[in-house]
There are 2 protein chains.
Amino acid sequence: MNNVHFLCAEINYMGSKERKTREKEELKALILKAARKLFVEKGIGQTTIRNIADSIDYSIGTVYVYFRDKNEILHALHTQGFVDLGGQLKILFSVTDPMERLKAMGKVYTNYALDYPEMYDLMFTLKAPIEFLETIQKDEWDEGKASFDVLRTTAKQCMDAGHFKGHKLEPLCFLIWSCLHGMCSLEIGSRTQNANIKNAETIVADAYDEFLKILNNL
Amino acid sequence: MNNVHFLCAEINYMGSKERKTREKEELKALILKAARKLFVEKGIGQTTIRNIADSIDYSIGTVYVYFRDKNEILHALHTQGFVDLGGQLKILFSVTDPMERLKAMGKVYTNYALDYPEMYDLMFTLKAPIEFLETIQKDEWDEGKASFDVLRTTAKQCMDAGHFKGHKLEPLCFLIWSCLHGMCSLEIGSRTQNANIKNAETIVADAYDEFLKILNNL
DNA sequence: CAAAGAAAATGAACATTGTTCATTTTTGCA
DNA sequence: TGCAAAAATGAACAATGTTCATTTTCTTTG
């Protein structure tokens, strides 16, 4: 192999290499899209790798070429969920009054949870995506961070505006998050339906009203 | 068969029948005890029917003689969990001041959750025990009811004592439950560890303090 | 354009787990 | 002791995640 051939080869190789990379990412995205669709439609527990492969006319093996295991798929969608929800929350920075923004954030959060319960479970309940983080030696969770930052920043502005007197920022943020998460989680997990709660159909909305009343006095 | 024989047979039969019934219930309880031990030790998802059978030196088949499927085992332990936690909560009626009792109940609740995370998941997060309820056409959840009643009764007494002005009992109870559940659920699901929360190690305790401050002003 | 080498895709096969059920073992009673 | 009912058994099946040797497709080169 002389220099000229070597260079040509290099150039061609690089060009197709980039196209290949793009094609690989497209297929990876296709798998994720199919997985997400099935998860939302029939539930994560009811969706198999075979289902996913079938739905895009690829073989089981191909899925494993692009993802090391099911947990990696779950983790990728976990990330997607945070990008989605985080994006919706960030838009609310257009609301200048931090208290109003905080209330709007709560509404967006609970709406997302109740509209996409499987995605919500994946993001905040299931162990799988967290276990995946552990297998790749990563103990951070960038997208979760970003969403919590949005809450923290807003709560901080509320404090600067004179609210939340006598409270500590970080624990109060976690408490607010816990309130919202708790309502959504119990609702999604069907714990409101059978616990003899009156007006179970509207309990989340009703409790959110109580939440707002309390917030208004903090 | 004459009358005398018939009577003797009846008497003997009834005696051994009762003993049999008792023995069956003992084995059922033994299976549950073994299952619970394994669940607590290595997690529900990591425990198989074979594990359970092995640990009490019975065969797989025997487990299925006593329980129709894994969900029935999960449901039985779900019930046990509520009996346990409900019992701990009921003891607190010895605290006469309802506000103090309410705070103590929250402490007992979160302690239970963090001490027995697998049991807590079973009681408040996992779908399996709820799915079992559906398969047997039962949409009630007696033990959950009882525990919520304890909360409702206490909150009602708080109201009668002049607290929670302007709030509605039922939604407020659910909100309080959601706060506690949210904190426990996020902690158990490792959502506090990787979300860039400051002092993640103490965040539940710290947030519980904020919760108490808010409660004191309601 | 054809051949060779690289990359991608495949699906048969395996391990695990929940579950079933025909068979075996044990038990209670005459 | 022998028989019938009850209890226990574990082999076998189905579903699912996963692996990997093989096949197919693509890219490069002469």
Side-chain angles (χ1 to χ4, degrees), chain A residues 1-28 30-31 35 38-39 42-54 56-75 128 131-132 135, chain B residues 1-28 30-31 35 38-39 42-54 56-75 128 131-132 135:
Chain A
M1 188 190 287
N2 60 36
N3 271 347
V4 176
H5 283 147
F6 177 74
L7 283 171
C8 287
E10 268 295 290
I11 290 160
N12 289 336
Y13 182 66
M14 290 300 282
S16 65
K17 186 183 179 185
E18 276 155 18
R19 181 169 52 76
K20 276 286 157 162
T21 305
R22 184 170 44 76
E23 280 176 3
K24 279 176 79 168
E25 279 177 11
E26 280 170 3
L27 182 45
K28 197 162 182 174
L30 181 65
I31 293 169
L38 289 170
F39 288 167
K42 48 186 259 181
I44 293 172
Q46 282 62 54
T47 301
T48 69
I49 303 287
R50 281 168 181 79
N51 293 155
I52 298 168
D54 285 352
I56 53 174
D57 285 311
Y58 276 90
S59 70
I60 310 158
T62 304
V63 175
Y64 280 90
V65 171
Y66 290 84
F67 296 92
R68 73 158 64 166
D69 57 19
K70 199 179 184 184
N71 278 3
E72 185 171 356
I73 296 177
L74 292 175
H75 177 259
E131 281 165 6
F132 179 75
T135 66
Chain B
M1 189 192 288
N2 61 35
N3 271 348
V4 175
H5 282 147
F6 178 74
L7 283 172
C8 286
E10 267 296 291
I11 289 161
N12 288 336
Y13 183 66
M14 291 299 281
S16 66
K17 186 184 180 184
E18 277 156 16
R19 181 170 52 77
K20 277 286 155 162
T21 304
R22 184 169 46 77
E23 281 176 3
K24 280 175 77 167
E25 282 178 7
E26 280 169 3
L27 183 44
K28 198 163 182 174
L30 182 65
I31 293 170
L38 290 170
F39 288 169
K42 48 186 257 181
I44 292 171
Q46 282 62 53
T47 301
T48 70
I49 303 288
R50 281 168 181 79
N51 292 156
I52 298 168
D54 285 351
I56 54 173
D57 286 311
Y58 276 91
S59 70
I60 310 159
T62 304
V63 174
Y64 280 89
V65 171
Y66 291 83
F67 296 93
R68 72 157 65 166
D69 57 18
K70 198 179 184 182
N71 278 4
E72 185 171 356
I73 296 178
L74 291 176
H75 177 259
E131 281 166 5
F132 179 76
T135 65

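To find a chain, count down the sequence lines: A is the first, B the second, and so on, and within it residues start at 1.
- Within 4.0 Å (heavy atoms only), B/Phe67 reaches no atom of the nucleic acid at all.
- For the pair B/Thr62 and D/dT9, the criterion of a side-chain N or O lying under 4.0 Å from OP1 or OP2 is met.
- Across all non-hydrogen atoms, the minimal contact from B/Leu30 to B/Tyr58 is CD2-CE1, 4.3 Å.
- For the pair A/Lys24 and B/Arg50, nearest-nucleotide mapping onto DNA chain C gives the more 5' position to A/Lys24.
- Distance, A/Asp69 CG to D/dT16 P: 17 Å, rounded to whole Å.
- Scanning both residues, B/Val63 and B/Ala53, for their nearest heavy atoms gives CG2-CB, 4.0 Å.
- Distance A/Asn51 CG to D/dG17 C1': 12 Å, rounded to the nearest Å.
- The distance from atom OH of B/Tyr64 to atom C1' of C/dT19 is 5 Å, rounded to the nearest whole Å.
- The two residues A/Asn71 and A/Glu131 come nearest to each other via the heavy atoms ND2-OE1, 3.7 Å.
- Within 4.0 Å of B/Leu27, counting heavy atoms only, lie sugar-phosphate atoms of the nucleic acid but no base atom.
- If you check C/dT19, D/dT18, D/dA8 against the side chain of B/Ser59, the one that comes closest is D/dA8.
- Separating the CG atom of B/Asp57 from the P atom of D/dA7 is a distance of 20 Å, rounded to the nearest angstrom.
- Rounded to a whole Å, the CD atom of A/Glu23 is 12 Å from the C1' atom of D/dT25.
- In this structure, the NZ atom of B/Lys28 is 15 Å from the C1' atom of D/dA7, given to the nearest Å.
- With rounding to whole Å, B/Ile60 atom CD1 is found 9 Å from D/dG10 atom P.
- The residue among A/Thr47 and A/Gly61 whose nearest nucleotide of DNA chain D lies closer to the 5′ end is A/Thr47.
- Under 4.0 angstrom from either OP1 or OP2 of D/dA7 there lies no side-chain N or O belonging to B/Tyr66.
- Using a 4.0 Å cut-off, no side-chain N or O of A/Tyr58 falls inside it from OP1 or OP2 of C/dG11.
- Between the CD1 atom in A/Ile31 and the CZ atom in A/Phe67 there is a gap of 5.5 Å [rounded to 0.5 Å].
- A/Thr47 contributes a side-chain N or O that, together with a main-chain N or O of A/Gly43, makes up a donor-acceptor pair within less than 3.5 Å.
- Checked against C/dT17, C/dT10, D/dT18, the side chain of A/Ile49 finds its nearest nucleotide in D/dT18.
- What separates NZ of B/Lys70 from P of D/dA15 is a distance of 18 Å, to the nearest Å.
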